[in-house]
Amino acid sequence: MAQQEDHFKKVISHAKEYGYIFGSSEIYDGLSAVYDYGQNGVELKKNIRDYWWKSMVQMHDNIVGLDAAIFMHPTTWKASGHVDAFSDPLIDNKDSKKRYRADVLVEDYAEKLNQKAEKEIKKAAKRFGDSFDREQYEATNPRVMGYREKQKAATARLARLLDADDLAGVKALIEELEIACPLSGSRNWTDVRQFNLMFGTKLGASAETATDLYLRPETAQGIFVNYLNVQKTGRMKIPFGIAQTGKAFRNEIVARQFIFRMREFEQMEMQFFVRPGEEMKWYDHWKETRLKWHTALGLGEENYRFHDHEKLAHYANAAADIEFNFPFGFKELEGIHSRTDFDLKAHEEHSGKKLQFFDPELNESYVPYVVETSIGLDRMFLAVFSQSLQEEELENGTSRVVLKLPALLAPTKAAILPLVKKDGLPEIAKKIVDDLKFDYQVVYDEKDAVGRRYRRQDAVGTPFCITVDHDTKDDGMVTIRHRDSMKQERVLIEKIQDIIDAQVNIKNWVQ
Ligand code: GAP
């Protein structure tokens with residue numbers, strides 16, 4: 001645990017030190033849960049967005065893109081249910097005066113039980129060695145079974161209480177489980193109450209005529225209200241999808257864990273419109289497809305797991321999260337939701353406009369069902385960044401800090417380094433930069449000894465360092481150093497492009 005916390009602190013400081021993430025308006029002491037992306041952060045973020053966009057839009061002939069405005073007609077949010085139901089149950093500790101999400105307190109309690117069970121299993125696995133049967137052990141060991149039962153009972157009861165909007169029951173559950181405030185250690189809690197997460201703003205020149213608006217809390221509604229525009233103008237046939245990336249805003253009360261939970265963040269969402277009755281088939285399809293998209297990055301399959309929801313949002317008939325092993329444990333990275341025809345029907349009702357699709361194969365009109373995939377870009381950034389940051393002991397007794405970002409996502413693909421700042425080497429290096437810069441983000445660096453330059457590029461996550469030395473002038477060859485293996489090879493200048501391309505071309509990442 002302490003090790004995890006330590007790693008998380010390193011992630012935050014490394015992100016700042018190497019120009020990935022800064023606190024917002026830092027010179028004024030910052031703004032809580034709002035962040036700015038620096039010169040490397042913006043590239044990594046763009047590359048993640050591109051990887052998502054290409055996988056969704058470019059690789060699917062039945063998915064197209066959209067860029068809807070952040071401001072939407074206020075009735076949108078009445079229809080979608082956000083005005084009435086987009087809230088978190090909050091509870092305050094009277095001693096520390098700290099505010100918590102009541103459901104998160106119970107979920108954290110359940111996660112602790114899970115960790116205790118996992119610890120027991122790990123110990124047993126060590127004891128029994130190769131003959132260890134995890135499934136059997138989980139099903140028969142009384143201690144593990146006890147932890148699991150308690151964990152399940154707590155989350156199931158929480159789901160029932162939240163479904164029934166029984167806030168007094170949620171408070172009683174917190175008291176019964178003897179959950180204490182992590183700050184004060186006391187169990188002196190206020191009542192639980194609901195708090196709407198949407199930010200309000202105003203549109204108009206004067207106070208009397210201004211209209212109340214909301215900053216969108218999800219990008220999905222921009223897709224729903226445009227679904228017929230896209231379907232008709234794009235002559236789309238069901239099943240088809242609309243993909244969008246863009247900012248969303250939520251007044252998160254318990255904003256914490258760096259860029260995991262922000263007040264202003266970016267979503268990458270895709271709504272897939274299907275025939276009623278076929279939604280579960282597509283729900284399973286998208287669960288599998290999305291998991292593959294994640295694991296293709298090579299950050300370790302063991303770092304992902306599904307969490308099927310017991311408590312469903314007001315619009316869903318099935319929902320699952322893809323959870324990632326963040327430095328603070330497994331947490332939601334992406335949601336896959338079967339949203340039924342809830343949204344389109346609600347928009348029909350509130351707008352008075354028909355949003356039906358005429359299915360020529362069935363010769364009938366219907367309101368399509370929707371399966372959605374929804375991922376936070378910033379959260380994906382944190383997953384990739386935290387998993388890639390490593391400290392390695394080297395054979396010569398020294399250590400290095402290396403950011404082993406998937407090459408596809410790395411902000412800079414190659415650093416071009418003249419061994420010395422003279423003898424014509426900078427000119428050759430700059431010519432290589434000029435040739436590569438049309439295809440890749442590359443940098444030129446001539447400062448300090450070459451070993452220090454390697455370390456600098458390791459820390460920033462650059463997959464290749466290309467060194468020009470005196471022999472280059474005679475043989476037209478350079479030394480390519482690979483970030484992860486630190487192996488060096490001598491190659492012809494004309495071969496550089498192929499070597500980089502093999503590792504950064506999306507063709508070699510998606511199946
Ligand atoms: N349209 C469905 C929707 O918005 P959600 O589960 O509320 O569903 C989807 O959000 C994803 O957006 C989450 O899985 C998470 O990655 C990201 N997300 C949600 N709230 C966030 C926040 N406050 N900060 C950063 N990312 C967030």
Side-chain angles (χ1 to χ4, degrees), residues 21 24 31-35 37 45 48-49 52 66 68 70 72 76-77 79-82 85-88 101 103-104 107 195-199 214-225 227 241-272 283 286-287 290-291 293-294 304-309 311-316 318-324 326 328 330-340 342-344 346 370-386:
I21 299 174
S24 160
L31 190 62
S32 127
V34 186
Y35 291 91
Y37 287 84
K45 204 173 164 196
I48 296 173
R49 194 190 294 110
W52 184 88
L66 179 77
I70 287 172
M72 298 183 72
T76 309
W77 306 110
S80 67
H82 284 82
F86 192 58
S87 48
D88 279 343
R101 265 176 62 177
D103 54 335
V104 172
E107 278 161 15
F195 179 87
N196 194 292
L197 298 180
M198 283 196 294
F199 281 105
Y214 294 106
L215 296 186
R216 67 180 177 196
E218 62 171 10
T219 54
Q221 296 304 323
I223 294 181
F224 288 123
V225 301
Y227 125 86
I242 303 178
Q244 175 170 223
T245 70
K247 289 271 174 129
F249 304 83
R250 295 183 188 179
N251 195 0
E252 300 281 3
I253 294 311
V254 190
R256 56 178 181 177
Q257 289 159 331
F258 196 34
I259 56 168
F260 180 80
R261 197 175 299 288
M262 304 158 88
R263 298 204 164 100
E264 174 182 340
F265 58 101
E266 192 165 335
Q267 287 188 315
M268 306 189 287
E269 298 202 295
M270 194 277 297
Q271 319 297 130
F272 202 67
Y283 171 70
W286 281 109
K287 267 176 82 173
R290 292 304 301 149
L291 185 62
W293 182 86
H294 286 285
Y304 302 86
R305 70 181 188 196
F306 280 117
H307 165 74
D308 293 311
H309 284 208
K311 176 179 161 36
L312 294 172
H314 58 275
Y315 50 72
D321 296 336
I322 294 176
E323 292 188 337
F324 183 76
F326 286 99
F328 34 83
F330 273 94
K331 295 269 180 216
E332 173 186 346
L333 171 59
E334 167 157 10
I336 294 115
H337 311 126
S338 171
R339 286 180 83 128
T340 68
F342 174 89
D343 302 86
L344 292 181
V370 173
V371 175
E372 137 184 287
T373 72
S374 174
I375 177 170
L377 175 49
D378 314 83
R379 216 172 263 193
M380 180 66 189
F381 186 115
L382 181 58
V384 170
F385 192 88
S386 59

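All values derive from a computational prediction rather than experimental measurement. Both ligands and their constituent atoms are indexed starting at 1 by order of listing.
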In terms of relative ring orientation, are F381 and F385 parallel, tilted or perpendicular, with 30° and 60° separating the classes?
parallel

Tabulation required: pairs of a nitrogen or oxygen in ligand 1 and a protein nitrogen or oxygen under 3.5 Å; columns are atom names and distance to 0.1 Å; otherwise 'none'.
from: ligand 1; atom 1: 1 (N); to: E218; atom 2: OE1; distance (Å): 2.6
from: ligand 1; atom 1: 1 (N); to: E269; atom 2: OE2; distance (Å): 2.4
from: ligand 1; atom 1: 1 (N); to: R339; atom 2: NH1; distance (Å): 3.3
from: ligand 1; atom 1: 1 (N); to: E372; atom 2: OE1; distance (Å): 3.0
from: ligand 1; atom 1: 1 (N); to: E372; atom 2: OE2; distance (Å): 3.3
from: ligand 1; atom 1: 4 (O); to: R250; atom 2: NH2; distance (Å): 2.9
from: ligand 1; atom 1: 4 (O); to: Q267; atom 2: NE2; distance (Å): 3.0
from: ligand 1; atom 1: 6 (O); to: E332; atom 2: OE2; distance (Å): 3.2
from: ligand 1; atom 1: 7 (O); to: R250; atom 2: NH1; distance (Å): 2.8
from: ligand 1; atom 1: 7 (O); to: R250; atom 2: NH2; distance (Å): 3.0
from: ligand 1; atom 1: 10 (O); to: Q267; atom 2: NE2; distance (Å): 3.4
from: ligand 1; atom 1: 12 (O); to: Q267; atom 2: NE2; distance (Å): 3.3
from: ligand 1; atom 1: 14 (O); to: E332; atom 2: OE2; distance (Å): 2.5
from: ligand 1; atom 1: 14 (O); to: L333; atom 2: O; distance (Å): 3.4
from: ligand 1; atom 1: 16 (O); to: L333; atom 2: O; distance (Å): 2.8
from: ligand 1; atom 1: 16 (O); to: G376; atom 2: N; distance (Å): 2.9
from: ligand 1; atom 1: 20 (N); to: R250; atom 2: NH1; distance (Å): 3.3
from: ligand 1; atom 1: 23 (N); to: E252; atom 2: OE2; distance (Å): 2.9
from: ligand 1; atom 1: 23 (N); to: M262; atom 2: N; distance (Å): 3.3
from: ligand 1; atom 1: 23 (N); to: M262; atom 2: O; distance (Å): 2.8
from: ligand 1; atom 1: 24 (N); to: F260; atom 2: O; distance (Å): 3.4
from: ligand 1; atom 1: 24 (N); to: M262; atom 2: N; distance (Å): 2.8

Go through the structure and list residues passing salt bridge (Lys or Arg N to Asp or Glu O under 4.0 Å) with R339, not counting sequence neighbours.
E218, D343, E372

Donor-acceptor pairs under 3.5 angstrom involving side-chain atoms of residues 241-249: please list them, not counting sequence neighbours.
from: Q244; atom 1: OE1; to: A68; atom 2: N; distance (Å): 2.6
from: Q244; atom 1: NE2; to: T219; atom 2: O; distance (Å): 3.1
from: K247; atom 1: NZ; to: E264; atom 2: OE2; distance (Å): 2.6

List in chain and number order the residues that pass side chain to side chain donor-acceptor pair (under 3.5 Å) with S87, two or more places apart in sequence or in another chain; answer none if no residue qualifies.
Q194

Just wondering, more than 12 heavy atoms not from Y304 lying within 6.0 Å of its OH?
yes

Side chain to side chain contact (heavy atoms under 4.5 Å, CB included) partner of R379, the single match among M262, E266, R261
R261

